[in-house]
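One structure is given below, encoded as structure tokens.
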Amino acid sequence: MRRGSRPWATPARKPWGARWWNWASTPPPTRAALLEAATAEGQLVGYELELTTRGGDKRTVLQSMSPIEVNGEACWLFGLHDITERKQTEQRVREREELLSLTIEAAALGLWDWNLHSGEVTGDARWRVMYGLAPVEPGASAAVHWASGITPEDIDVVTQELRRHLQEPHKPFDVTCEVLAPQGGGRWIRSVGKVVAYDTAGQPARMVGMSIDVSSQRQQERQLERMAHYDALTGLPNRVMLERRLRAGMEHSRARGQQLGVAYLDLDGFKPVNDRLGHAAGDRLLVVVAERLKRALRLSDSVARLGGDEFVILLSGLAHAEECERRLHTVMESVAAPYTLDGERVLVTASIGYTLYPDDEADADTLLRHADQAMYAAKQAGRNRFHGFDAAEERARQLRREQCGELLRALQRGELTLFLQPKVDMRLGTVVGAEALARWQHPERGLLSPVHFLHLIEGHTELQMRFGEWVVDTALQQIARLMAQGLELPVSINITPEHLHRRGFADWMALRLAQHPAVPARLLAIELTESAALYDIDHVARELTRLRALGMQISFDDFGTGYSSLAYLRRLPMDHLKLDRSFVAGMLGDAGDRAIVQGVIGLAHSFGCGIVAEGVETVEQGLALLQMGCHHAQGYCIAMPMPVEQFMDWAKAWQAPAPWRATSQAAAPVPPAAAIAA
Ligand code: C2E
Ligand code: CA
Ligand code: CA
């Protein structure tokens, strides 16, 4: 009798024969009973046993016996198979399944199975409840079409999400749809699933997943959203919502080529109401104001409350500022009408600042800031009025800020330089000094003269100080370079009035000089204008006296253009007057200018100081000046301002024009007293 061939070698196909016992469920059969069973059936039988090893370990084993033939003799083969791991795994799987079913139960999840070919979905009882479907009648089909009961928009959403999931199968299908309940009022159902089967053509065939009702979560989200975007007291949009609307409004007006009015409104007289009638009354007033504002505006406009008694109004579709002001006028009137609070008549008004976008081409935050700035101006101007923000003025201010920054950087990068323009004695043909004039070697715009940048330092303290320091240091370095070439010439620098009026100006100058000990102070001169000297003359006189004591020289620039009283000027120490170039330019053709030139020369002589004529452009002008007793001059006909290296060569080679030299052989110049009398 053939007993079969080693059936345990292929357990998958024939797992443990026809019979086996689980010791846990039934008491293990006796060996005799087993033998009997095996003999009767002629095949493998087995049973599970729990054994304790010598080490005290509990193991589950499967004892089996099978009839075999050895050398034609029927025998029994006994086997002992350790199945502890398998049993443990089975136990874990059972526990997991229990846990999963508990989770599904506790989370109120509905399970579903979607046939992607037919589009039909079947779900469990909970899933049917979520979708508002009646329980399945016995014998009826449980399947429904996936798109039934959801809105057309959600149908698109589901289709897109399915497509997405098929492209990225590792990320589950996850969609939340509004399910329309038959008795009205929707429910939000979130469904998460995964494709689990494909057909032979590789097309997705089946998806399984679960659904959960997230309606209450949705409601909370909406509530939070309301709280996040609306003001609790007045129900008006809050700052967050305002910013959103503002950005949308900006886009809209740009697209339409219209202006958007952004107005900042602050109530006048709100605080006294609050203080006198209490916060509750103040709150009621704000609610009424909010109502009135809404009514005074059109549907396309909007109003938001920023907090306190501050509101922002957006006026759309404006053609120009007048239209904006007309509409703001209506708003102001509606706010200004009397209120009754606790039986009392209360009056408040509005101060409004506005700006127009895109005339004011700023970002949303800046527009609000501009409107706020303008509101402040309306308050300053007496309240109960509106004030428009001046975008052009702001642009100019902004440009100036940028340019100041650029100049500061230019100073740090060494883009500025001092050119020297010689001062000469026309009669003797000698170079007597130089004036240092600032230039900016701009990387893009080329060489710039001071008119292009000097205005930037006015009123800009930091720039002023940095620039002043740079001028003095650079001039002192240049003097040192000239000295090294054997040219010991005084160099004058120009000082701004603001700088001169700064406290401790002379001390500061002394400090700068101390940084350059090789340069004697007598070689550094300062030029300041009459008007600079006049303001706070006591301070100026003190500072100039200190500078003089240091050894420096002082020149009065553009002399004759100011309105200084001689009595005042007399109090100031001075070494030279610089005759303004406008008189030099006019003196040959204009008797008045000539008289002024003559007068200033006389004044210099009688004050006992030197005189330098500025802006000498022709030999004739020089000659006339010489004849009037002014020997020192500066101007294009002598030399243009130039870099210091060039100046050194120029100074060594310069020769005065022949007509000027000729005057040195002629009679002595007119004495000062006679000059004044003339
Ligand atoms: P300023 O002190 O009156 O300087 C004389 C100006 O006249 C210079 O102009 C010079 O180039 C110009 N000039 C010289 N000769 C002639 C001439 O024959 N004809 C004409 N039409 N003009 C002549 P620049 O260099 O453009 O400087 C303009 C002003 O800028 C200066 O007037 C001075 O007030 C100011 N400045 C220049 N450098 C500095 C500086 O380092 N610091 C300060 N605070 N101001 C400076
Ligand atoms: Ca000057
Ligand atoms: Ca001048």
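Count residues from 1 along the sequence. Both counts, for ligands and for their atoms, begin at 1 and track the order of listing.
Here is the list of ligand 1 atoms found below 4.0 Å of a heavy atom in Pro641: 11 (O). Atoms of ligand 1 lying under 4.0 Å from any heavy atom of Glu617, numbered from 1 in the order shown and given with element: 17 (C), 18 (O), 19 (N), 20 (C), 21 (N). Those atoms of ligand 1 with a heavy atom of Asp558 less than 4.0 angstrom away are 3 (O). Atoms of ligand 1 lying under 4.0 Å from any heavy atom of Gln421, numbered from 1 in the order shown and given with element: 14 (C), 15 (N). Shown in contact with Gly615 at under 4.0 Å from a heavy atom are these atoms of ligand 1, numbered in order with element: 16 (C), 17 (C), 18 (O). For ligand 1, the atoms sitting less than 4.0 Å from at least one non-hydrogen atom of Thr496 are 44 (N), numbered in the order shown with element in parentheses. Near Glu614, meaning under 4.0 Å from any of its heavy atoms, are these atoms of ligand 1: 3 (O).
No part of Val451 comes within 4.0 Å of ligand 1, judged by heavy-atom distances. Under 4.0 angstrom from ligand 1, the non-hydrogen atoms of Leu437 come from both its backbone and its side chain. Looking at Glu435 against ligand 1, only its side chain comes within 4.0 Å, counting heavy atoms.
Sorted by first and then second residue, the salt bridge (Lys or Arg N to Asp or Glu O under 4.0 Å) pairs involving residues 472-500 (not counting sequence neighbours) are Asp473-Arg512, Arg481-Glu645, Glu488-Arg522.
A donor-acceptor pair shorter than 3.5 Å can be found between the side chains of Ser351 and Asp268. For the residue pair Gln373/Tyr264, the side-chain donor-acceptor check at 3.5 Å is not satisfied.
Across every non-hydrogen atom of Thr349 and Val335, the tightest pair is C-CG1, 4.1 Å. Of all the heavy atoms in Glu543 and Phe505, the pair that sits closest is OE1-N, 3.1 Å. Listed here is the closest heavy atom pair of Phe647 and Leu489: CE2-CD1, 3.9 Å.
At the shortest separation from atom 7 (O) of ligand 1 among protein heavy atoms lies Arg581 NH1, 2.7 Å. The single protein non-hydrogen atom nearest to atom 45 (N) of ligand 1 is Leu454 CD2, 3.3 Å, given as residue, atom name and distance. Scanning the protein heavy atoms around atom 30 (O) of ligand 1, the nearest turns out to be Pro450 CB, 3.5 Å.
Distances from atom 9 (O) of ligand 1 to the protein include no heavy-atom value under 4.0 Å. Distance screen at 4.0 Å: atom 3 (O) of ligand 1 has a protein heavy-atom neighbour inside the cut-off.
Of all N/O/S atoms in Glu435, OE2 sits nearest the Ca ion (ligand 2).
When Thr474, Thr618, Asn494 are ranked by how near their heavy atoms come to atom 39 (C) of ligand 1, first place goes to Asn494. Which of Phe467, Trp470, Tyr636 comes nearest to atom 13 (N) of ligand 1 through a heavy atom is settled by distance: it is Tyr636.
With respect to Arg548 and Asp575, a salt bridge is recorded, a charged nitrogen being found less than 4.0 Å from a carboxylate O. Ion pair Asp309/Lys271 not flagged as a salt bridge, since none of the NZ, NE, NH1 or NH2 atoms sits closer than 4.0 Å to an Asp/Glu carboxylate oxygen. Under a 4.0 Å N-O distance rule, the pair Asp360/Arg395 does not qualify as a salt bridge. Electrostatic pairing of Arg401 and Glu394 counts as a salt bridge here, judged by a charged N lying under 4.0 Å from a carboxylate O.
Within 6.0 Å of the CZ atom in Arg385, the count of heavy atoms belonging to other residues, nucleotides or ligands exceeds 12. Residue-environment remark: CD (Gln412) exceeds the threshold of 12 foreign heavy atoms within 6.0 Å.
Remark: Gln441 CD to Arg413 CZ distance equals 13.5 Å, nearest 0.5 Å. For the atom pair CD1 (Ile493) and CE (Met552), the distance works out to 5.5 Å, reported to the nearest 0.5 Å.
Using bins of under 30°, 30° to 60° and over 60° for the plane-to-plane angle, the ring pair Trp660/Trp654 lands in the tilted bin.
Taking 4.0 Å as the cut-off, Arg439 counts as a neighbour of ligand 1 on heavy-atom distance. For the pair Ile493 and ligand 1, no heavy-atom separation below 4.0 Å is found.
The set of protein atoms (N, O or S) found at less than 3.0 Å from the Ca ion (ligand 3) reads Asp557 OD1, Asp558 OD1, Glu614 OE1, Glu614 OE2, by chain and number.
Aromatic rings from Phe556 and His576 are positioned such that their centres are separated by 6.0 Å or more.
Between the side chain of Asp558 and the main chain of Thr561, no donor-acceptor pair closer than 3.5 Å is present.
At least one N or O atom of Ala438, backbone or side chain, sits closer than 3.5 Å to an N or O atom of ligand 1.
The Ca ion (ligand 2) has an N, O or S atom of Asn494 inside 3.0 Å of it.
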